[in-house]
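Comments concern the structure below.
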Amino acid sequence: MFDMTEKKLAEMRMLVKELNLHAHRYYVLDDPVMPDSEYDLLFRKLRDMEQELGSVMPDSPTVRIGAPPLEKFQKVQHAEPMLSLGNAFSHEELREFDRRVKRFLKSEDDITYTVEPKYDGLAIELSYRKGLLIMASTRGDGSLGENVTENIKTIMAVPLKLETDNPPESIDIRGEIYMDIEEFNNLNRRRETEGESLFANPRNAAAGAIRQLDSSITAKRRLHLACYGLGAHSGITFQTQTEFMQWLASVRCSVPSDLKVADGIAQVIEFVREIGEQRGGYSFEADGAVVKVNDIALQLRLGNKTREPRWAIAYKFAAHQGITRILRIEPSVGRLGTITPVADLEPVNIGGVTVSRSTLHNWDEITRKDIRVGDKVVVERAGDVIPHIISVVLEARTGGEEVFAPPVSCPVCGSSIEQEEGEVAFRCIGLDCSAQVKERVRHFSSRGAMNIEGLGEKNVDLLYEQGLVRHFADIYNLQFGDLLALPRFAEKSAAKLIQAIENSRHTTLSRFLFSLGILHVGEYSAKLLAANFSQLEDLYHISAESILEIKHIGEKIAGSVSRFFNDAGNIDTLVKLREKGMEFTNPDFENADRTGLSLAGKTFVITGTLPKARPEVEELIEDEGGRVAKSVSGKTYAVVAGEAPGSKLQKAEGLGVKVLTYDELLQLINGEKS
Ligand code: IVH
């Protein structure tokens, strides 16, 4: 018996090792060798073994999925203060830095420096004892930070254990947590569809993710790590910064992508220029380059000023900014009716990209910055894609600029508009507003939703103008002949679109739920809903309370989902779509934690005499993940009725709740269609 457990523990250790190896290849080296499906399989195997043995290794990847939410962050004292960096804004200021270093060291010799990108993220300290991550903290005021260990553990690039047979007694490693530009843009796009406010830049998005009290939210944001600094340590020594960086990489801590070693300041300037030229191609936002004295003994001799070291400096690149003129401001109406002011700009080249439009977010922003049509403005590309207007060049005002008043009615359909309490946005309340309808159809067919290729902006506009598609459900009435009659379609393109529509009839429930464009329901909430309801019909007439029972779904989402599924018109549309052959698989439900349990999430009520004793039937249902309730309500999935049923049967029929015989219940459990 003892041997068996030992054997299993050894196997578990092997699994942890293997999974960590592959996570490192995937998240740090960007060079995966194991297919995702295999990783998932091994991960599940490990989780099952942990449950069976009641034991979890400290560096098990299962530790990363997030802990219960905190009330607040605890304060942590840094063993050595986390300093800031002085800035250099020109090559001359870099030379001045080099002269200061030499003067301080009383030396004429060329200094060896390291040069690397400066990541625009959030500084973090990772404390390892005997190789195990025991604490992660933010910089805070430099000496007192916040304990964000649970959040940091969810970041796959952060090793829970240093990969070495000979770990130092203790070491504090400093680095930057950051978000890729692509991830940042995806996140903002998602937030936009969900009606949430947008992050101004990747740094704010990363900081927001780390400062979450609920680590499961951090886990959803894909964050990265670049380690660059040494804090307090014992049981290990390093001669140079480069030696330290090599050691970091060897123990699986990710290090800056582009680390250069320069002999003398002339070469530093060359490298800084190179990084500046290459930064447009980086996957992350770099706002500068950091220059450090390579020799650690020299670093110690140079020491620190109050808030910054004498041995390092940040060379700041010019921000991605430009000056241009606002030609026009136009209100644009989104699929949820939100009216956003958008500025048409005189085209300007900013960091190699031509910018001609910029969102102004809302009218509060316009008023706060006093932005007027005709103004000269400073525009910045943050995180590279969505340009923002930073400020107005007031000195350039001629007096001819015009104030752009908030709308009094919808600029597209003329309906009334409202401003929700506590929100700055105006919303058009006209349900048939063509802008909203078109946006809803576009959202429905977009790549992350039903993925109907060929239903882009122009075709949706055309189909709408022709009266062929006035609702996303109309897509499924389109005929080959209808399309062929339109100016933008030939036989091939019409056939292609019809085929794409056909293909979309078979999709996953979560995709479909996302496509419906329910207020506040993004891809993630759609997945949560699908994981908790096996089929679409289970959501019909659902109460907000039932939705609230789902972990991670709050009142805002629960309310809007319930409103959506209690609207007779919506249910009618869904029923019609189902009748037209719309079918869903639901991997989210099948792969949810209670894998294999056929009645998970379903509530049953029993009435009448069944072939088996009542407690036995109850146990059967509960063993399959179901719940047994005493009385019938809207939450009831089905009533199991036997001989001589009571009033519960009538109540079920009155409420339209499914009625099953005992045999049908067994069929449901065995996965047969009833
Ligand atoms: S070294 C004592 N290297 O920039 C010097 N810092 O503006 C420690 N940063 O607080 C910093 N990338 O959060 C260093 N490659 C890099 C960096 C970097 C980003 C951040 C760091 C620091 C801030 C100073």
Side-chain angles (χ1 to χ4, degrees), residues 78-89 93-94 97 101 113-126 136-146 148 152 157-158 171-181 201-207 210-211 223-233 238 240-242 244-246 248-249 253-262 268 271-272 274-276 278-279 282-296 298-317 319 383:
H78 298 298
E80 277 176 19
M82 285 178 80
L83 301 175
S84 177
L85 287 173
N87 291 321
F89 293 97
E93 285 179 18
L94 279 178
F97 162 73
V101 168
Y113 294 103
T114 60
V115 186
E116 68 205 46
K118 182 169 186 298
Y119 288 71
D120 199 15
L122 184 79
I124 210 86
E125 176 163 86
L126 304 170
S137 48
T138 60
R139 184 168 83 172
D141 64 4
S143 60
L144 217 54
E146 282 179 325
V148 288
I152 294 298
V158 174
I171 186 163
D172 289 347
I173 297 169
R174 274 96 186 257
E176 201 85 351
I177 299 288
Y178 65 94
M179 189 180 281
D180 263 0
I181 293 169
N201 51 48
R203 174 165 35 88
N204 288 357
I210 295 300
R211 300 214 69 263
L223 298 170
H224 296 269
L225 168 73
C227 296
Y228 49 63
L230 180 59
H233 56 286
F238 301 100
T240 59
Q241 184 73 22
T242 35
F244 170 57
M245 300 300 261
Q246 273 158 10
L248 282 175
C253 286
S254 39
V255 290
S257 55
D258 216 354
L259 178 72
K260 300 168 193 285
V261 185
V268 166
F271 288 153
V272 159
E274 258 176 40
I275 292 179
Q278 279 158 11
R279 74 172 164 142
Y282 290 159
S283 60
F284 55 90
E285 182 78 4
D287 57 340
V290 181
V291 180
K292 298 170 192 169
V293 170
N294 193 29
D295 188 319
I296 290 181
L298 292 187
Q299 288 184 4
L300 288 171
R301 266 179 62 197
L302 284 156
N304 305 323
K305 294 195 267 180
T306 337
R307 293 190 56 85
E308 54 194 60
R310 279 193 199 89
W311 47 268
I313 196 159
Y315 176 82
K316 288 291 194 73
F317 298 132

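Just so it is clear, the model here is predicted, and its values are computed rather than measured. Just so it is clear, the values below take in all heavy atoms, side chains as well, and ignore hydrogens, waters and symmetry mates. Every number for a ligand or one of its atoms is a count from 1 in the order of the listing.
- Residue L302 comes nearest to R310 through the heavy atom pair O-NH1, 2.7 Å, listed as atom of the first residue, atom of the second, then distance.
- Of the listed residues (E176, K118, E116), just one forms a side chain to side chain contact (heavy atoms under 4.5 Å, CB included) with P256, and that residue is E116.
- Atoms of ligand 1 found under 4.0 Å from any heavy atom of P117 (numbered from 1 in listed order, with element): 15 (N).
- Looking at P309 against ligand 1, only its side chain comes within 4.0 Å, counting heavy atoms.
- For atom 4 (O) of ligand 1, the choice among K118, R139, E176 with the nearest heavy atom turns out to be K118.
- How far CG of L83 is from NZ of K305: 11.5 Å, rounded to the nearest 0.5 Å.
- The backbone N or O of I275 lies less than 3.5 Å from no partner atom in the side chain of K260, so there is not a single donor-acceptor pair.
- Contacts between L85 and ligand 1 below 4.0 angstrom, taking non-hydrogen atoms only, involve backbone and side chain alike.
- Ranking protein heavy atoms by distance to atom 12 (N) of ligand 1, first place goes to Y119 N, 3.0 Å.
- Close approach of ligand 1 to E116 is summarised as follows: ligand atoms under 4.0 Å from at least one heavy atom of the residue are 3 (N), 15 (N), 16 (C).
- Interatomic distance, NE2 of H78 versus CG of D141, reported as 7.5 Å (0.5 Å rounding).
- At a 4.0 Å cut-off, at least one heavy atom of K292 sits close enough to ligand 1 to count as contact.
- Checking side-chain atoms of N294 against main-chain N and O of T242 turns up a donor-acceptor pair under 3.5 Å.
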### Message
Walk me through whether R174 and D172 qualify under salt bridge (charged side-chain N to carboxylate O under 4.0 Å, His left out).
### Response
CA-CA 7 Å; R174 274 96 186 257; D172 289 347; 5.6 Å; no
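- Residue-to-ligand polar distances keep W311 apart from ligand 1: every N/O pair is separated by 3.5 Å or more.
- Taking a cut-off of under 4.0 Å to the non-hydrogen atoms of L83, the atoms of ligand 1 that pass are 10 (O).
- Of the possible donor and acceptor atoms, one in the side chain of S254 sits under 3.5 Å from a partner among the backbone N and O of L225.
- Each of the following atoms of ligand 1 lies closer than 4.0 Å to a heavy atom of A123: 13 (O).
- For ligand 1, the polar-atom distance check against S84 finds no nitrogen or oxygen pair separated by under 3.5 Å.
- In terms of protein heavy-atom proximity, atom 21 (C) of ligand 1 is closest to Y228 OH, 3.0 Å.
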